[in-house]
Amino acid sequence: MAKENYQDSHLYKIRHSTAHVMAQAVRDLFPEGEAKIAIGPPIDNGFYYDFDLPRPLTPEDLEVIEEKMRQVLSADHQFIRRELSAEEAREIFQDQPYKQELIDGLEEGGVDEYGEPIEETPVISIYKHDDFVDLCRGPHVESTRKIEPDAVKLLNVAGAYWRGDENKPMLQRIYGTAWENQEELEDYLHRLEEAQRRDHRKLGKELNLYSTDPEVGSGLVLWKPQGAIIRHLAEEYCKDEHLANGYEFVYSPHIGKKSLWETSGHLTWYQENMYSAIEIDEEEYFLKPMNCPFHIMMYKDDLHSYRDLPLRWAEWGTVYRYERSGVLHGMMRVRGFTQDDAHIFCSPEQMPEEIDRVLNFCLHILRGFGIQEFHAYLSTRDPNKSAGEQDLWDDATDALQAALERADLNYALDEGGAAFYGPKIDLKMIDALEREWQLSTIQFDFNLPERFDLTYVGEDGAQHRPYMIHRALLGSMERFIGVLIEHFGGAFPLWLAPVQAVMIPITDRNIPYVNQAAQRLREAGIRVEVDDRSDRMGAKIRDAEKQKIPYMLVVGDREEEAGTLAPRLRSGEQLDPLSVEDLLTRMQKEILEHQQI
RNA sequence: GCCGACGUAGCUCAAUCGGCAGAGCAGCCGCUUUGUAAGUGGCAGGUUAUGGGUUCAAGUCCCAUCGUCGGCUCCA
């Protein structure tokens, strides 16, 4: 739903109004004046409200609050708007320090009551329902009667900084959801449950793809065979495509001397995200948080002519970054990960075409994995923290924008969101719970070529500064496979499935025939297993379904006599019996499909 | 890092008020030879995350550490 439509919708008003009712209920849970209320906007799929309370809220509190809300909602309390002066508002909210701060902001102008910047001069208004008054721009439903009590549910309590600033007090945030009717609420809760089934952490365990261990360390992923084969296949496909698209591969070490990271500026700008120094022979080394300095040193090892450019150097480079403990998340946000990194060195003239190439290559790769939907962002310069000449920035930003438009991508502008060293395009995917994860990034760098004094000899015989583009298409193997697990809900397409087919003999009599057929498939490169346990077929099918194996090949006496296999797909669909050769043809065709996009 | 919740067998979970650590699945050993989502009997499996404390007695209460989850902040 487009944001504008949502903000004008009835549902938006319902959620906004429900947030007020929740704040009222929370206020009533505490002695007068002890509950300080902050802000409570509608969000996608619900609303929240932030409070500063004398004690932490418990799940039991949520039930009490919900019950109180139902009482208020089943009565007919009008939402009444009134505009007033800052002076009068301060009087009304005299025991509410957070509201006082909001009123100050509104009076100064330039921000709305949520602290978001706005163009127009804000009008200060309050909304009152029952005995609860809140500073609010609205809009609201006419009356609490317009909200269905059975379509409201409080979900959880979380911490949130006042005004999103980690130097400000930590408040308690209650998340809730509200819908037009009970059926919609239940649909939503059902969708949430479904989404949780797709969580890569859950599937990672069920499908035995990866693990982590406190003894190894937080945010360090152990790729088990079933996960490693998926990664291997993904890498193999990508690497072949890189070679076919004008890239060369390089390798670089995992550590580098302190002086390297001083020159690159990482020790100045990035040290808090780096693992601490390793000292040996009175020399300090650091684990690499990025691959760029190494690729740059390789560039510097030779004298380059304009005829050599562009150079496209790729590396599946494993980097280590200290991520704060609270941000770690399954495979999606980790401390050690392998980027499908590349650096492109080109002349200024080549730059627009290179950007185009990279973006198209990126889209090609993602489509090869069946990924069609993502959110594209163009991040532009923050004048307060950036290196490089403005006209260089303008050229680069124009090139990125032009490439996005030529590729016919919808994108959002993230103004001032660029890194200090250059503008960028990011592609983000959403996970099962609609959280965004950045995968692809195409970044300009006006900084490192300067710092390392990179040059090439131009047609004119003079030294010129090359342009440098950092890019990662999958982002990191950890995050990408994590996203992919959720994208497919664990049911990987045939080419990526760890086990592509399982042979299911109905009786032990059929095992020799089945082994023979399996051998033929294996020789043809199919990853096949034989389930020769003395279990019933039904149990074997159940296990294969749980492992989301694409092909179940049932063989009983009938098939054996006819020289066929009876395939069942994981969708439950049963195909007509096929000979091994016909099955192989079918599977091989299906395996290659992803490359023909 | 911050706020909150949580941590019991490989997995999913029980264990009343602080009073004998238990089940299903998975595993192993049998029996069963099966026709499209769980055949059946037995065996084994535990320093209740780790370390301290309170108590006659701790999975349960307290403290610390580690880890996980939900958010926030961050994400060159």
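First the proteins, then the strands, lettered A, B, ... as listed; each starts at 1.
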Any strand: nucleotide that pairs with B:U48 via Watson-Crick or wobble, under 3.5 Å: none
Thinking salt bridges, do A:Glu561 and A:Arg509 make one under a 4.0 Å N-O criterion? no
Distance check: side-chain N/O of A:Tyr322 vs OP1/OP2 of B:G1, anything under 4.0 Å? yes
Show your reasoning for whether salt bridge (Lys or Arg N to Asp or Glu O under 4.0 Å) applies to A:Arg542 and A:Glu545. CA-CA 5 Å; A:Arg542 182 167 192 272; A:Glu545 287 281 357; over 6 Å; no
In terms of ring plane angle, is the pair A:Phe51 and A:Tyr49 parallel, tilted or perpendicular, where the classes change at 30° and 60°? parallel
What are the residues of residues 202-212 of chain A, sorted by number, that bring a heavy atom to within less than 4.0 Å of RNA chain B? A:Lys205
Here's a test of your reading of the structure: between A:Gly330 and A:Leu57, which maps to the more 5' nucleotide of RNA chain B? A:Leu57
Separation of atom CD in A:Glu545 from atom P in B:C25, rounded to whole Å: 20 Å
With syn defined as a glycosidic angle within 90° of 0 and anti as everything else, classify B:C17. syn
Any N/O donor-acceptor pair, A:Arg324 side-chain to B:U73 base, under 3.5 Å: yes
Write down the distance separating the C1' atoms in B:G19 and B:A57, rounded off to the nearest Å. 7 Å
At under 4.0 Å, does any side-chain N or O of A:Tyr175 touch on OP1 or OP2 of B:C72? yes
Please report the distance separating the C1' of B:U68 from the corresponding atom of B:C62, rounded so that it comes out in whole Å. 22 Å
Would you indicate, yes or no, if B:G70 has its OP1 or OP2 atom less than 4.0 angstrom from a side-chain nitrogen or oxygen of A:His329? yes
Nucleotide nearest A:Val554 (side chain, heavy atoms from C-beta), chosen from B:C72, B:U36, B:A37: B:U36
Which nucleotide wins on minimum distance to the side chain of A:Met170, given the candidates B:C2, B:C74, B:U33? B:C2
If pairing means Watson-Crick or G-U wobble with both distances under 3.5 Å, then the partner of B:U33 is none
What interatomic distance, in whole Å, is found between P of B:C13 and the corresponding atom of B:U65? 27 Å
Consider side-chain hydrogen bond (donor to acceptor under 3.5 Å, both in side chains). Of A:His329, A:Arg335, A:Arg333, which one does A:Glu323 pass it with? A:Arg333
Select one nucleotide: of B:G1, B:G67, B:U34, the one nearest the side-chain heavy atoms of A:Arg509. B:U34
Ignoring the backbone of A:Val327, work out which of B:A37, B:U33, B:G1 is nearest its side chain. B:G1
Please classify the nucleic acid contact of A:Arg55 as base, sugar-phosphate, or nothing, using heavy-atom distances under 4.0 Å. nothing
Look at the side chain of A:Arg321 against the base of B:C75 and say whether a donor-acceptor pair falls under 3.5 Å; ignore hydrogens and angles. no
When both hydrogen-bonding distances must be under 3.5 Å and the geometry is Watson-Crick or G-U wobble, what is B:C28 paired with, if anything? B:G42
Quick note, A:Ser218 side chain, CB onward, closest among B:U73, B:U36, B:U68 is B:U68
For residues A:Thr397 and A:Thr380, is any side-chain donor paired with an opposing acceptor at under 3.5 Å? no
Tell me if a side-chain donor or acceptor on A:Asp535 pairs with a main-chain N or O of A:Ala539 at a distance below 3.5 Å. no
Given the P atoms of B:A21 and B:A49, what is the spacing between them in whole Å? 15 Å
For atom CG of A:Leu575 and atom P of B:U36, their distance in whole Å: 16 Å
Closest to side chain of A:Ala539, choosing from B:A38, B:G70, B:C66: B:A38
Just the rounded figure in Å: distance from C1' of B:U68 to CG of A:Asp213. 12 Å
Could you tell me which nucleotide pairs with B:C61 by Watson-Crick or G-U wobble geometry, both distances under 3.5 Å, or answer none if nothing does? B:G53
Salt-bridge criterion met for A:Arg198 and A:Glu194 (N-O under 4.0 Å): no
Counting only Watson-Crick or G-U wobble pairs whose two distances fall under 3.5 Å, which nucleotide matches B:U12? B:A23
Taking only the side-chain heavy atoms of A:Asp535 (C-beta and beyond), determine which of B:C66, B:G71, B:G39 contains the nearest atom. B:G39
Quick check: A:Phe294 with A:His343 (ring centres under 6.0 Å apart)? no
Check: A:Ser534 side chain, B:U32 base, donor-acceptor under 3.5 Å: yes
Side chain of A:Glu559 (C-beta onward), nearest among B:A38, B:G35, B:C72: B:G35
Please check if atom CD in A:Gln390 has more than 12 non-hydrogen atoms from other residues, nucleotides or ligands closer than 6.0 Å. yes
What is the separation between atom CZ on A:Arg536 and atom P on B:A37, rounded to the nearest whole Å? 13 Å
Could you state the atom-to-atom distance from CZ of A:Arg568 to C1' of B:A37 in whole Å? 7 Å
Let's see if you get this right: which residues in residues 438-454 of chain A place a heavy atom under 4.0 Å from RNA chain B? none
Please determine whether a side-chain nitrogen or oxygen atom of A:Arg201 lies at a distance below 4.0 Å from atom OP1 or OP2 of B:G70. yes
When rounded to the nearest 0.5 Å, the distance separating CG of A:Asp426 from CG of A:Leu378 is 9.5 Å
Distance, rounded to the nearest Å, where A:Glu573 contributes CD and B:U36 contributes P: 17 Å
Could you pick out which residue, A:Glu323 or A:Gly326, lies toward the 5' side of RNA chain B when each is mapped onto its nearest nucleotide? A:Gly326
Using the ring of each side chain (for Trp, its six-membered ring), is A:His254 parallel, tilted or perpendicular to A:Tyr320, with breaks at 30° and 60°? tilted
Is A:Gln574 side chain donor-acceptor paired with the B:G35 base, going by distance under 3.5 Å alone? no
With rounding to the closest Å, how many angstrom separate the C1' atoms on B:G59 and B:U16? 14 Å
Under 4.0 Å from OP1 or OP2 of B:U34: is there any side-chain N or O of A:Arg533 that close? no
Does A:Tyr161 make a side-chain donor-acceptor contact with the base of B:G1, cut-off 3.5 Å? yes
Using Watson-Crick or G-U wobble geometry with both distances under 3.5 Å, which nucleotide pairs with B:G4? B:C69
Between the side chains of A:Gln401 and A:Tyr411, does any donor sit under 3.5 Å from an acceptor? yes
Does B:G70 have OP1 or OP2 sitting under 4.0 Å from an N or O in the side chain of A:Arg173? no
Take a 6.0 Å sphere around CD of A:Glu434 and say whether it holds more than 12 heavy atoms from other residues, nucleotides or ligands. no
Nearest-Å distance once atom C1' is located in both B:G27 and B:A9: 12 Å
What integer distance in Å separates A:Gln271:CD from B:C75:P? 17 Å
Starting at CD of A:Gln547 and ending at P of B:A38, how long is that distance when rounded to a whole Å? 16 Å
Heavy atoms from C-beta onward define the side chain here; which of B:G4, B:A37, B:G71 lies closest to that of A:Lys546? B:A37
Could you tell me if A:Trp162 and A:Asp50 have a donor-acceptor pair between their side chains, going purely by distance under 3.5 Å? no
